[in-house]
S.K.: 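One structure, pasted below without further comment.
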Amino acid sequence: MGVRGSLLRGLKLFGGSRVSVRPPRQEPCNSGARFAKCAKQKDPAMTLRDAAAAVRENAYAPYSGFKVGAALRTPGGQVFTGCNVENVAYPEGTCAEAGAIAAMIAAGETLIAEAYVIADSPEPVPPCGGCRQKLAEFAGLDVVVTLANLVGVEKVMTLGQLLPGAFGKGHMDPA
Ligand code: THU
């Protein structure tokens, strides 16, 4: 149905005057604060893994063919997701983790309590080096990052294990 059709459908004649009946707004479930709410409503068993696997489906990876999904949980329980978005100018592509972090920051949240990364890989997929550093901007080194593949193999690590010798603010102090 076209836009006109749906608008006409939304108009009802009522007592001689036209009453606009808005169709219920469809909230996207796979990003931002809305995810937790939608997840609760639609499937109470939805996990960080489900969130990462779901958003992975939307990855834009025509060059590598390698779709990645990432999900982050804040200390308050909000879930943010991201997928990789490639570009014909290859270095302009972005990783799934970067997308999830951008969604979190855009929603006004700045702390990661837990992270999950998933891809179709023989071994659970590890975040790339750059993404480890990006996660470290918003997560303590004790934060659990779960690496996963599509057949259910998971590797549970801390950010500190993934990024030993992390570069931090303190390194910019003069000696
Ligand atoms: N990729 C991610 O999205 N996250 C990572 O941590 C590893 C790599 C993406 C980038 C690129 O689109 C594809 O995987 C192949 O490198």
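Atoms within a ligand are numbered from 1 in the order they appear, just like the ligands themselves. Note that the numbering runs from 1 along the sequence shown for the chain.
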S.K.: Can you pull out the closest protein heavy atom to atom 14 (O) of ligand 1? Residue, atom name and distance to 0.1 Å, please.
M.R.: F66 CD2, 3.5 Å
S.K.: Between K67 (side chain) and E57 (backbone), is there a donor-acceptor pair under 3.5 Å?
M.R.: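 Answer holds: yes.
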S.K.: Charged N to carboxylate O under 4.0 angstrom, R49 versus E154?
M.R.: yes
S.K.: Do other residues, nucleotides or ligands put more than 12 heavy atoms under 6.0 Å from E123 CD?
M.R.: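 No, because the 6.0 Å sphere around CD of E123 holds 12 heavy atoms or fewer from other groups.
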S.K.: What atoms of ligand 1 come within less than 4.0 Å of a heavy atom belonging to S64?
M.R.: 13 (C), 15 (C)
S.K.: Please confirm whether T94 comes within less than 3.5 Å of ligand 1 when only nitrogen or oxygen atoms on both sides are compared.
M.R.: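 Such a contact does not occur with ligand 1.
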S.K.: Show, in sequence, the C-alpha distance, side-chain angles and deciding distance for L150 and I118, and conclude whether the side-chain contact (heavy atoms from CB on, under 4.5 Å) test is met.
M.R.: CA-CA 7 Å; L150 293 190; I118 190 166; 3.9 Å; yes
S.K.: Report the C-alpha separation of V117 and V125 in whole Å, then their side-chain angles, then the decisive distance to 0.1 Å, and conclude whether the side-chain contact (heavy atoms from CB on, under 4.5 Å) test is met.
M.R.: CA-CA 7 Å; V117 187; V125 68; 3.8 Å; yes
S.K.: Can you sort out which atoms of ligand 1 are near E97, meaning under 4.0 Å from one of its heavy atoms?
M.R.: 2 (C), 3 (O), 4 (N), 5 (C), 6 (O)
S.K.: Kindly determine whether T74 and L72 satisfy side-chain contact (heavy atoms from CB on, under 4.5 Å), including the steps that lead there.
M.R.: CA-CA 7 Å; T74 66; L72 310 173; over 6 Å; no
S.K.: Which atoms of ligand 1 have any heavy atom of A96 under 4.0 Å away?
M.R.: 2 (C), 3 (O)
S.K.: Among all the protein's heavy atoms, is there at least one whose distance to atom 1 (N) of ligand 1 comes out below 4.0 Å?
M.R.: yes
S.K.: Below the 3.5 angstrom mark, is there an N/O of N84, backbone or side chain, next to an N/O of ligand 1?
M.R.: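 Among all N and O atoms of N84, at least one is under 3.5 Å from an N or O of ligand 1.
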S.K.: Between Y63 and Y60, what is the ring plane arrangement, given parallel below 30°, perpendicular above 60°, and tilted in between?
M.R.: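 Ring orientation of Y63 relative to Y60: perpendicular.
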S.K.: Quick check on contacts: which atoms of ligand 1 are under 4.0 angstrom from a heavy atom of E86?
M.R.: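 Going through ligand 1 atom by atom, the ones under 4.0 Å from E86 are 11 (C), 12 (O), 13 (C).
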S.K.: Say whether, by atom type as modelled, one donor and one acceptor occur between the side chain of E97 and the main chain of R132 under 3.5 angstrom.
M.R.: no
S.K.: Would you mind telling me if ligand 1 is within reach of the side chain of C95, the backbone, both or neither, using heavy atoms under 4.0 Å?
M.R.: both
S.K.: Give yes or no for whether the N/O distance cutoff of 3.5 Å, strictly under, is met between P127 and ligand 1.
M.R.: no
S.K.: Test your reading of the structure: does C131 have an N or O sitting under 3.5 Å from an N or O of ligand 1?
M.R.: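 Such a contact does not occur with ligand 1.
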